[in-house]
Peer 1: 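Pasting in a structure now, in C-alpha cells, and then I'll have a few things to ask.
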Amino acid sequence: MIEPVAFTQAEANLIPDDASWEPEDFAHHLARYGPVPTASPALIPEIQASGLKGRGGAGFPAGLKWRAVADRAGGRGVVLVNGVEADPTSGKDRLLMTARPHLVLDGALMAARSVGAAEIVVGVNRTAVEAHRAMAAAVSERREPVRIEVVGVPSRYVAGEETALAQFVSGGPARPTLTPPRPFQRGVRGRPTLVHNSETLAWAALIGRRGGAWYRALGSEQHPGAMLVTVAGACARPGVYELPCSASVGEALARAGVTQAQAVLIGGYFGTWVPMEPSPSMGGDATEPLGSNAGVILALPAASCGLAETARIMSFLAGESARQCGPCFNGLPALSSVMARVAVGRAGSAEVDRLRRWAGQLTGHRGACHHPDGAVTLLESALRTFEADLTFHLRRGACQGSRQPSVLPAAATEDGWR
Amino acid sequence: MKSRLRVNPIACDGRGLCAELFPERVRLDDWGYPIVDGHPLSPELMPLALRAVANCPKLALSLDTIES
Ligand SMILES: Cc1cc2nc3c(=O)[nH]c(=O)nc-3n(C[C@H](O)[C@H](O)[C@H](O)COP(=O)(O)O)c2cc1C
Ligand code: SF4
Ligand code: SF4
C-alpha cells in the first residue's frame, strides 16, 4: 500500500497535466511564454548556474556540454534534438514536441546561438507522427537565420543513443559508433554537435527567459529544477507529469493515482526495479527523490510477476541490439532465453547461477554503447527485488502472477536501421 | 603518461588471440570475446601489450594514453 502523499500542484511550466495534444502555434506560444530572448554565449553560464541536467537518461550537466561544444564549434556546429524516445514506457518527448513544438525550437535556437551552430536537426521517432508533423509545422512558422531540419528516425531502442542518432542524420544506419569521438567532438557530418533530449532544450528555453536561479528554485539545493515524468503501468491516471526533481517517487505515483504496487521500475527499460515495501537493504523506496534519471516510472501491480515482466523486457532489449558487438549480440539473447525459462518456472538454480555469471561478464562497457549495461542493470535489479519470487519459481514452478497479462506498454513493431 | 588496453567491440571477431598472447590483462567471456582489464599498464607489461595489439587480426586492440 502506498501512502497517499500530499502535494500542491504548482503551476506547470512546460506542460499541464491535462494538456491537450493540440500543437500550440507560434502566436499562442509567444502569448504564453513571452518573446524569444536573443541568446548569446552569455547564456552558457546561466545554464550552468541553473543546474539543468540532460533529460535523455544520463543526467549529464547541460552547461558543461554547451561549453564543450562552444569551445570547438566556431560557427560550424550542429544542434541535434533527440526526440527518438524509443523506450515504450516513456511518452514525454512525444507530448512535448506535439503540444509545445515552439518551446523545443526556442531551446534549440538559443543553444545554436550560444555554442556557435549554424544548423539544427530535430530527430523524431518515425512512429511519433503527430510530433513530427507539429515540429515541421512549427519550423515553417519561423524565420530563422539557421537551417532547421526535421528528420524521422527508425523506431529502434538504440537509435536514440547519441552516436547512432548522429550517424543516422548524417546519412548512415541508426547504429551506435565507437567512441571517442563523441558527438561534441565529431558528430553530424563530422561537426561538433550538441545532442540534447527535447525536454532538456525546452527547459533551456525557459531558463533563457527566466534565468538560471528561477529554474534552480523549482527544486531543492540537492536536486535543483523540475522535470517531466511519465508514469505508466498500474495507475488510474497514466501520463506525463511535471514535478520538482526533489519530489519523491511516491509523489509521482500519487499524482498518477497509483494506490497499490508491489514494485516500480524507475528509469525505463534501462532502469532499476525498486520494491514498494520500504526496505533499505534493497536499495530504495518510494521516499527517494526522483533525481535526474527517473524520467519514467512503471508501477507493477501486486498480482503481477516481476520476473515475467522482466523476461518480456529482456526479450525486447535482446531484439533491439544493433548486432555489432559480440558481448551484446551473444550476451543479451542468452540472458533473455534463461530469463524466459525462469519466468515460466522451468529454470534450475544452475541456470540462474549462469545468468548471474553472464550478467557479471557483460557489464563494464563491453559494447560500443551502453545497451548491454542497461539490460544488465535491469536484470540484476529484478533478481534482487523479486528474490522471493525467484525462489518460488525455482522450487515450485511459475507463480500465479506470471499468467497475468503484461502491464508493459506495447512496443512499436520492429523497424529497420535506415 | 600511462597507457591502457582497449578493445573496439565493433571490429573484434572474438577469436581470442589476444587472450592467448596477453592473459595477464585479457580473459574471455563465455562466448570467446575478450574482457580487457583497462587499468594502466606497468612498464613490464608494455611489451606484451604491444605484441597483442600488433597481432590482433582485426586491428581491434589499441593502447589509450591516459593522463596521470
Ligand atoms: C541505448 C541507448 C538509447 C538511448 N535512447 C535515447 C532516447 O531515445 N532519447 C534520448 O534523449 N536519449 C537517449 N539516450 C541517451 C543519449 O545517448 C544522450 O545521452 C542524450 O540524448 C543526451 O541528451 P541530454 O543531455 O539532454 O540528456 C540513449 C542512450 C543509450 C545508451
Ligand atoms: S553494444 Fe549492442 S546496441 Fe550498442 S553498438 Fe554494440 S551491438 Fe549495438
Ligand atoms: S585478437 Fe582482436 S579480434 Fe581477436 S578477440 Fe582479441 S581483440 Fe578481438
Side-chain angles (χ1 to χ4, degrees), chain A residues 158 161-164 166-168 172-182 185-186 318 321-339 350-376 379 417, chain B:
Chain A
V158 301
E161 194 275 337
E162 58 180 13
T163 63
Q167 171 159 260
F168 179 76
R175 292 187 159 104
T177 59
L178 189 72
T179 57
R182 297 224 74 98
Q185 299 162 311
R186 208 136 50 76
S321 163
R323 295 188 175 81
Q324 304 187 104
C325 313
C328 188
F329 67 66
N330 291 307
L332 299 198
L335 294 177
S336 165
S337 69
V338 177
M339 204 51 209
E351 274 173 284
V352 175
D353 290 345
R354 192 157 8 117
L355 195 63
R356 292 188 204 272
R357 182 175 80 240
W358 286 344
Q361 289 181 356
L362 295 171
T363 45
H365 207 172
R366 301 271 324 280
C369 79
H370 278 107
H371 192 58
D373 306 72
V376 168
L379 178 74
W417 295 99
Chain B
M1 205 103 105
K2 285 207 159 172
S3 299
R4 69 171 162 224
L5 195 60
R6 244 172 69 95
V7 59
N8 170 350
I10 298 179
C12 169
D13 70 358
R15 301 282 188 80
L17 185 60
C18 48
E20 271 173 50
L21 293 176
F22 195 18
E24 291 83 353
R25 285 304 173 89
V26 186
R27 62 191 181 98
L28 299 178
D29 67 16
D30 284 17
W31 301 274
Y33 283 80
I35 303 177
V36 168
D37 178 344
H39 285 103
L41 292 156
S42 62
E44 309 84 75
L45 287 176
M46 280 305 284
L48 287 171
L50 287 166
R51 188 175 64 149
V53 168
N55 282 290
C56 169
K58 294 288 177 180
L59 307 179
L61 283 178
S62 60
L63 288 174
D64 253 13
T65 46
I66 37 179
E67 266 91 313
S68 43

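Protein chains get the first letters and strands the later ones, always in sequence-line order, with residue 1 at the start of each. These numbers come from the heavy atoms of this one structure, side chains and all, not from hydrogens, waters or symmetry mates. Predicted, not measured: the structure shown is a model, and the values here were computed from it.
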Peer 1: Any residues in residues 368-376 of chain A near chain B, with a heavy-atom distance under 4.5 Å, and which are they?
Peer 2: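 A:Ala368 fall under the 4.5 Å cut-off.
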
Peer 1: Taking A:Arg182 first and then A:Glu161, would you say they form a salt bridge - that is, a charged N and a carboxylate O separated by under 4.0 Å?
Peer 2: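 Counted as a salt bridge, because a side-chain N and a carboxylate O are separated by less than 4.0 Å.
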
Peer 1: Rounded to the nearest 0.5 Å, how far apart are CZ of A:Phe329 and OH of B:Tyr33?
Peer 2: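 Taking CZ in A:Phe329 and OH in B:Tyr33, the distance rounds to 3.5 Å.
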
Peer 1: How long is the gap from CZ on B:Arg15 to SG on B:Cys56, to the nearest 0.5 Å?
Peer 2: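 Here the rounded value is 11.0 Å.
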
Peer 1: Measuring from A:Asn330:CG to A:Arg366:CZ, what's the distance to the nearest 0.5 Å?
Peer 2: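 These two atoms lie 9.5 Å from each other.
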
Peer 1: Are the side chains of A:Trp417 and A:Val158 in contact, using a 4.5 Å heavy-atom criterion?
Peer 2: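 Contact flag for A:Val158/A:Trp417 side chains = yes.
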
Peer 1: Who pairs with A:Arg357 by side-chain contact (heavy atoms from CB on, under 4.5 Å), at least two apart in sequence or on another chain?
Peer 2: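 Only A:Arg354, A:Gln361, B:Asp30 meet the side-chain contact (heavy atoms from CB on, under 4.5 Å) criterion with A:Arg357.
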
Peer 1: Side chain, backbone, both or neither: which part of A:Thr363 has a non-hydrogen atom closer than 4.5 Å to chain B?
Peer 2: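 For A:Thr363, there is no contact with chain B at all, as no heavy atom is under 4.5 Å.
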
Peer 1: Any residues in residues 5-14 of chain B near chain A, with a heavy-atom distance under 4.5 Å, and which are they?
Peer 2: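 Expected list: B:Arg6, B:Asn8, B:Pro9, B:Ile10.
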
Peer 1: Looking at residues at least two apart in the chain, or sitting in another chain, which of them share a side-chain contact (heavy atoms from CB on, under 4.5 Å) with B:Arg25?
Peer 2: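 Residues passing side-chain contact (heavy atoms from CB on, under 4.5 Å) with B:Arg25: B:Phe22, B:Asp37, B:His39, B:Leu41, B:Leu45.
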
Peer 1: Nearest 0.5 Å please: distance from the CD1 atom of B:Ile66 over to the OG atom of B:Ser3.
Peer 2: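 If we round to the nearest 0.5 Å, B:Ile66:CD1 and B:Ser3:OG are 7.0 Å apart.
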
Peer 1: A:Gln185 versus A:Thr179: any side-chain heavy-atom pair under 4.5 Å?
Peer 2: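 Side chain of A:Gln185 against side chain of A:Thr179, heavy atoms only: no contact under 4.5 Å found.
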
Peer 1: Determine the minimum heavy-atom distance between B:Pro43 and B:Pro47, stating which atoms define it.
Peer 2: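 In this case the closest contact between B:Pro43 and B:Pro47 is O-CD, 3.5 Å.
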
